[in-house]
Amino acid sequence: MHRLCLALIALLLFCLAGVGTPAHAVEAISVPASADAIDLTRSVERYVNHGPSLQVSTAPGADGIVRRIEVTSRDGSNTDWIVFALSNPSDEQIDRLLVSPFYRLVGSGIIWPDLGQSRVASLSPSQGIVPERIPSPEADVFRITLDPGAVVTFIAELRTPNVPQLYLWQPEAYKDSVNAYTLYKGIVLGISGLLALFLTIIVVIKGTIMFPATAGLAWVVLGYLCVDFGFWNRVFGIGAGGEQLYRAGGEVLLAASLIVFLYGYLNLNRWHIHYSHVAIAALVLLLGLFGIAIADPAIAAGIARLSLGVIGILGFGVVLLLAFQGYDRAIMLIPTWVLLLAWLCGTALAVTGSLSNDLVQPALDGGMVLIVLLIGFTVMQHAFAGGALVQGSIGDVERRALALTGSGDMVWDWDVDRDRIHTANDLEMLLALKPGTLEGPARDWLDVIHPQDRDRFRATLDAIIDQRRGRIAQVFRLRSEDGHFRWFLLRARPLLGSDGEVVRCVGTLHDVTEQKTFEERLLHDSVIDNLTGLPNRQIFLDRFDSAMARYRVEGAGRPTAIVLDLDGFKNVNDNQGISVGDSILLTMARRLARQIKQQDSLCRLAGDQFGIVLLSEQQPDRIAGLGEALRRTVRAPLTFGEHEIYLTGSIGLAIGDETNTTAADVLRDAEIAMYQAKMLGGDRIEAYRPTLKTVTGDRVVLENDLKSAIANGELRILYQPIVRLNDRAISGFEALVRWQHPKQGWLGPHEFIPLAEESGLINDLGIYVLERAARQLAFWQQQNHDNYRLFTSVNVSSRQLLRHDLINDVKAVMSRSALTPGTLKLEITESLVMENPEYSAKVLERLRSFGVGLSLDDFGTGYSSLSYLQRFPFDTIKVDQSFVRNDHKNHNGGARPVILRSIVTLAHDLGMDVVAEGAETESDALELLQMGCEYAQGFLYGQPMPAEDASRMLANQLARMQG
């Protein structure tokens, strides 16, 4: 009854005081004497932003009475509180340590994470001894004393709303736990420090970017652990909560260093420039988080944690992508990166609270060091496997070995005393031979060497042994397992012993099959027509000479030269296109081949001109009969789709005899007869007779005069200006050859260029023009320093392009003239390159490598193969004047600007400039400028002129620019 009265009085006083309804009494937690630690985290009552004071009911004591306890905050402001009660069921006084860590990774969160600070500001008991705060750099620690049988309620004033962990420890057990964790921290920090120091030493010795990147990652991990383990606080005396900025900075640096390592180790800049752009952008964003960390470390840390996950996933994708491409570094990094992804998953589960074991945070710290350790092993494995570490300490012998490996040559070693040849296994693999087939005596090699090369190979080895000096530089063929032969170049030298005898012969083998194949192709193209597969003019002359030699010795089998030229073929070629023309030539070649016998030879002498070395027929009437059969064969119509094409042929005959000294003379006589047939209207047969020389004498005289003019430098080079449209400045010239014949006056190119091609003088004429044009261009460039890009274009004929000496001739001209690269341009018509596109592409590439510009002339007038156009290294397209002149008589004039604009757009898309021929009016120039054409050439800007007049034009232009 007495106790009930006291309780009613207390309740009345509480109501009179005007305080709100008190909290219900907490349930006391029993503290056994044998328990090392009790987790109170989920057993406390929380009061968030409750007010400046808190009044609660205590847990019922041993007498069952519920009392009141009120606690006021230290600064009188609203604050957060927690309440819990402890009971001592034993009959002895017990001491316990209440521990609340400043930072705990578990449950800290990803976005706006809790980076740690002091949690408990004060601790007030309902009775007994006031708890004593024990200084600790890592947690709020209070010593609590519980009397025997006491039930004590505690109110803790908090500094933060969140208390990640609250433990009640037995003092000795807590001390043992701290000591054990401290030892673990020391071990982990020691390993991390040694690893960072070791990787730094590797950087100092020698290394590429991957070594500093790896060392940087190791130092960042070491710094992060120093902050996480509280070592940073002890060294710099940082108070509770002051490490938030350092912890956020450590997480930002961890993400940034991971990007730097991935970029440096995988050498991403070698794969694509976009990798560099992404890496730099990510680094800039991450390093920008330092500014955010100063204002709010939690935001910076949250972004850094999200970035780590993104880097891990995207980085793994990059590693797999490069690994599928066979990149060794990426393949070696896969196991370590898988472990990194597992670590990131574990960290994500920990910070979200899914993993809440006390061992999670130490395990993740140790896992971080383990990952860096594996990364270090991966980097060192690459280094000691022949990477960057050995670059600084190789000697001359190692350098020679590396050079041999880099060259791709195979070692060839002949032990003379033991008569045993050793070569690399690569040779047997290349030939698909069984291992050891080429390991043995030198005579065993004779079985796989081509029969034509065996004697030369044996003689070379014998000569080296006998003479005891010299070098071997021999090309021979080795047979592969499938029976095909491959070409190899052997370079070796003998090594002499102390007695002066050859003891070894050591060298290298280099596979030159592709080079030999290309040379054979060039040789084939030099004697065989690429289109029809027929022998060319040179083979015709060789075979006719051979037949004449047999005729002179044996007196039988007198040869006859037959020359057949297609009438009107040029018109068909121009109107129908090159593809139709090529088809006609192929058809004619097959038709003519069926008319001759096996001992006769059919050759292609020129574009539409065929030659036959006739041996099967000796009687004049039989020879004339064959000529008539050939004429009828040509007259047979050619069907193309729904159209039929009719051609005729002019045929000339010349019989070899003792009066003809050479095959060239007979062929010339046959051509004279053929020209006589053309003069008489074509589609007829003419046999050579001496009286025809008077008819064609003018042509022979003209040919001799042309030869003399070239030799004496009597041909004139005229230059027509090429103007840049945007400012009307002279940017270049086209070199045009003219001939002032002493009797016939000025002759245009159409009057002597065909003669030069037929007579073989075109090569000398081409070099003549090229040499003088290059010399004049060099002079202009020296005089006009402000216009050093001034260029000159020179036309190249088909005979020049397909001649093998053209490359050497152009190279010689460029070496003798100090020209700006790309300013001497060779103009080549598309019909020329399409005659033999594969060969033309190789020739043009070689010419381009000498610094010669290439211009595609008369574009659009023939059969334009766009698939080949993109393969040819042209830098300029020259549009034919038929697309430039606005001819009102042309019924298709409306399509002209559309076609012209399409050509200009096509050229620009291919990275080429455009020169338009035939600009005669200002309206033409304005139209070309509006279409985007860069250059124009025509009578509007000047006719072909001598070099002196062109120099005066350049001087006047320079004066206007300077004035």
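None of these values were measured; they are calculated from a predicted model. Along the sequence shown, the residues carry numbers beginning at 1.
- Between Lys185 and Glu138 there is a salt bridge, since a side-chain N of the basic residue sits under 4.0 Å from a carboxylate O of the acidic one.
- Put simply, the side chain of Asp365 does not reach to within 4.5 Å of the side chain of Val369, judged on heavy atoms.
- Heavy atoms only, all atoms of each residue included: Asp511 and Phe488 are closest at CA-CD2, 3.8 Å.
- Taking the side chain as every heavy atom from C-beta outward, Thr820 and Arg789 approach each other to under 4.5 Å.
- Taking the side chain as every heavy atom from C-beta outward, Leu158 and Ile82 approach each other to under 4.5 Å.
- Side-chain atoms of Thr347 come within 3.5 Å of backbone N or O of Trp343 as a donor-acceptor pair.
- Residues Pro212 and Thr214 are not in side-chain contact: their nearest non-hydrogen atoms beyond the backbone lie 4.5 Å or more apart.
- At least one side-chain heavy atom of Trp337 sits less than 4.5 Å from a side-chain heavy atom of Leu262.
- Taking all atoms of both residues into account, the shortest heavy-atom contact from Leu258 to Leu308 is CD2-CD2, 4.2 Å.
- Atom CD1 of Ile111 sits about 9.5 Å away from atom CD1 of Ile303, to the nearest 0.5 Å.
- A donor-acceptor contact under 3.5 angstrom links the side chains of Asp140 and Ser118, judged on distance only.
- Contacts classified as salt bridge (charged side-chain N to carboxylate O under 4.0 Å, His left out) and involving residues 297-320 (residues at least two apart or in different chains) are given here: Glu251-Arg305.
- Side chains of Arg486 and Leu478 form no contact here, defined as non-hydrogen atoms less than 4.5 Å apart.
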Let me see the working for Leu438 and Leu427 under side-chain contact (heavy atoms from CB on, under 4.5 Å), right down to the final yes or no. CA-CA 9 Å; Leu438 300 178; Leu427 179 59; 3.4 Å; yes
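- The nearest pair of heavy atoms linking Ala196 to Thr200 is O-OG1, 2.7 Å.
- Residues Thr876 and Leu856 are not in side-chain contact: their nearest non-hydrogen atoms beyond the backbone lie 4.5 Å or more apart.
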Is there a salt bridge (Lys or Arg N to Asp or Glu O under 4.0 Å) between Arg119 and Asp80? Walk through the geometry before answering. CA-CA 10 Å; Arg119 307 294 180 177; Asp80 302 316; over 6 Å; no
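- Ile110 and Val351 make their closest contact through CG1-CG2, 3.6 Å (heavy atoms, listed as atom of the first residue, atom of the second, distance).
- Within the 4.5 Å cutoff, no side-chain heavy atoms of Leu253 are placed close to those of Trp219.
- Atom CZ of Arg491 has 12 or fewer neighbouring heavy atoms from other residues, nucleotides or ligands inside a 6.0 Å radius.
- A pairwise comparison of heavy atoms in Ala139 and Pro101 identifies CB-CA, 3.5 Å as the closest pair.
- For Gln361 (side chain) and Leu105 (main-chain N/O), a donor-acceptor pair under 3.5 Å exists by modelled atom type.
- When all heavy atoms are compared, the tightest approach of Glu481 to Leu433 is OE1-CD2, 3.6 Å.
- Both the sub-6.0 Å distance and the 45° axial angle are satisfied by Arg247 relative to the ring of Tyr103.
- Put simply, CG on Leu339 and CD1 on Ile375 are 9.0 Å apart, with the number rounded to the nearest 0.5 Å.
- Summarising the local packing, CZ of Arg848 is surrounded by more than 12 heavy atoms from other residues, nucleotides or ligands at distances under 6.0 Å.
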